[in-house]
> 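First the structure, which I've put down as structure tokens, then a few questions once you've had a look.
Remember, predicted model here, so these are calculated numbers, not experimental data. Just follow the structure's listing: the first ligand is 1, and inside any ligand the first atom is 1.
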Amino acid sequence: MNILVINCGSSSLKFQLIDAQTEQMIAKGLCERIGIEGSQIVYQPAGGTKEETVTPMPDHTKAIELVLEALTNEKTGVVKSLEEIGAVGHRIVHGGEKFAASTIITDEVIEAIKACNDLAPLHNPANLIGIDACRKLMPKTPMVGVFDTAFHQTMPKEAYLYGLPYEYYEKYQVRRYGFHGTSHSYVSKRAADLLGKKYEDMKIIVCHLGNGASISAVENGKCVDTSMGLTPLEGLIMGTRSGDIDPSIVEYIAQKENKSIEEVMTVLNKKSGVLGLSDNLSSDFRDLEKSYNAGEDRGLRTIRAFSYRVMKYVGAYAAVMNGVDAICFTAGVGENNPLVRDLVCEHLGYLGITLDKEKNDTRGEELEISTPDSKVKVMVIPTNEELAIARETFALVQ
Ligand code: AMP
């Protein structure tokens with residue numbers, strides 16, 4: 001069965017068609033600037049050439065129409081008709097406490113997702129627009145919602161509660177939810193498989209280090225803690241997000257810079273992280289690494305502060321699980337940046353971690369990078385959120 005995976009943002013839409021039996025990607029692409037002038041669709045069949053077409057996309061329905069046309073047209077299409085698409089898997093950012101697992105999308109499910117909109121006002125409405133557009137164009141095809149938050153719903157209360165008046169949790173569901181769940185789940189399972197161990201018997205720490213970054217502690221196959229919180233702003237220093245800060249900073253900066261709370265929140269979300277720390281040099285680690293290697297303070301301080309925060313969380317999560325068997329690095333930086341991995345592991349010798357410096361000097365490969373005698377295994381595992389969504393979808397519609 002072919003599964004169409006849709007990841008719909010407010011003005012963009014990523015898609016992949018995946019054969020659920022062979023788990024091979026058949027075609028993939030991206031619609032950009034939906035609803036904005038200059039929109040374009042990028043489409044690439046597996047093994048074929050990438051096509052970029054600038055064409056008007058006033059809304060998401062038009063974007064999905066173009067995706068389906070690209071997948072089925074006679075010249076570059078990969079299927080003969082829409083009937084060859086057995087199901088659609090939608091990435092949904094926030095499932096609140098309602099969704100601890102993926103689910104078949106029904107009218108009731110859509111209402112329940114809408115009820116979580118306040119928790120992710122930038123993401124959930126866009127995800128729902130994608131679902132609506134697909135349902136219009138493929139009314140008979142089953143759809144599945146796969147939630148970024150679902151994998152973390154196994155966290156115990158002591159891990160997800162904040163030290164706030166309890167009524168805020170009861171009235172407004174203010175608590176830690178965590179994100180990147182499909183990635184944490186995929187990578188931790190893959191680690192157990194690669195090590196030939198039972199997932200249910202392992203203590204694994206997953207470091208998902210990309211433009212957005214989060215860490216999770218996975219004990220006996222269940223997430224027991226994760227670094228992102230009510231929103232994806234908490235935890236690690238990210239591309240442009242601050243991660244953990246003293247909450248008083250919000251008021252302090254608002255006063256000093258004469259900004260509203262909304263304006264300070266925009267700074268924390270869009271102008272902070274490694275971009276802000278490097279004095280706007282870049283949010284991209286390739287640029288930061290060049291600066292680090294040139295011995296510039298902005299590159300040095302930024303990469304050191306980023307890696308230090310990761311190292312602190314790894315130590316904390318080893319404590320949470322009373323031990324750790326494997327540490328996995330994934331996503332853009334985790335997969336491609338030996339320097340960050342080296343700096344993170346530098347202070348973890350006491351846990352029984354020894355990095356093989358030569359093996360660590362690789363980019364984008366699935367690989368064990370600890371020495372054979374390292375008590376804790378350190379691994380690079382490229383994440384594949386689309387495949388994880390396709391698997392979940394297939395399991396539910398089969
Ligand atoms: P992501 O959000 O997972 O796409 O990760 C984005 C981050 O990964 C950026 O900071 C990139 O610099 C980094 N990244 C992606 N690919 C590479 C690569 N081939 N080499 C070094 N860094 C990379």
> Compare all side-chain heavy atoms of R91 with those of V93 and state whether any distance is below 4.5 angstrom.
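R91 reaches V93 side chain to side chain.
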> What residue and atom, counting heavy atoms only, is the protein's closest point to atom 14 (N) of ligand 1, and at what distance?
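So the nearest neighbour among protein heavy atoms is G332 O, 3.6 Å.
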> Please report whether ligand 1 has a polar contact with F285, defined as an N or O pair separated by less than 3.5 Å (distance criterion only).
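It does: an N or O of F285 is found under 3.5 Å from an N or O of ligand 1.
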> Check for a donor-acceptor pair, side chain of R33 on one end and backbone N or O of S12 on the other, with a separation under 3.5 Å.
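It does not hold such a pair.
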> If we set the cut-off at 4.0 Å for heavy atoms, which region of R363 has an atom near ligand 1: side chain, backbone, both, or neither?
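It is the side chain that gets close, since no backbone atom is under 4.0 Å.
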> Closest non-hydrogen protein atom to atom 12 (O) of ligand 1, residue and atom name please, with distance?
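The protein heavy atom lying closest is D284 OD1, 2.4 Å.
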> With a cut-off of 4.0 Å, which atoms of ligand 1 are near a heavy atom of G210?
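It comes down to these atoms of ligand 1: 1 (P), 2 (O), 3 (O), 5 (O).
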> Is there a donor-acceptor pair under 3.5 Å between the side chain of N124 and the backbone N or O of H94?
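Yes; at least one donor-acceptor contact below 3.5 Å.
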> I'd like to know whether the aromatic ring centres of F306 and F285 sit less than 6.0 Å apart in this structure.
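For F306 and F285, the ring centres are under 6.0 Å apart.
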> Within ligand 1, which atoms have a heavy atom of S283 less than 4.0 Å away?
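Answer for ligand 1: 10 (O).
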> For atom 17 (C) of ligand 1, what's the nearest protein heavy-atom neighbour? Residue, atom name and distance, please.
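Protein heavy atom at minimum distance: N336 ND2, 3.4 Å.
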> Tell me if a side-chain donor or acceptor on R241 pairs with a main-chain N or O of G212 at a distance below 3.5 Å.
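Looks like no, no N/O pair under 3.5 Å.
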> Which protein non-hydrogen atom lies closest to atom 7 (C) of ligand 1, naming both residue and atom, and how far is it?
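Its nearest protein heavy-atom neighbour is V333 CG2, 3.8 Å.
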> Under a 4.0 angstrom heavy-atom cut-off, which atoms of ligand 1 come close to N211?
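With N211 as reference, the close atoms of ligand 1 come out as 1 (P), 2 (O), 5 (O), 6 (C).
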> Considering only heavy atoms from C-beta outward, does the side chain of L367 approach that of M379 to under 4.5 Å?
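The answer is no, as the side chains (C-beta and beyond) never meet within the 4.5 Å cut-off.
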> With no hydrogens and no angle check, do the side chains of D297 and Y292 hold a donor and an acceptor under 3.5 Å apart?
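The criterion, which ignores hydrogens and geometry beyond distance, is not satisfied for Y292 and D297.
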> For atom 4 (O) of ligand 1, state whether the nearest protein heavy atom is under 4.0 Å away.
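Neighbour list for atom 4 (O) of ligand 1 is empty of protein heavy atoms (cut-off 4.0 Å).
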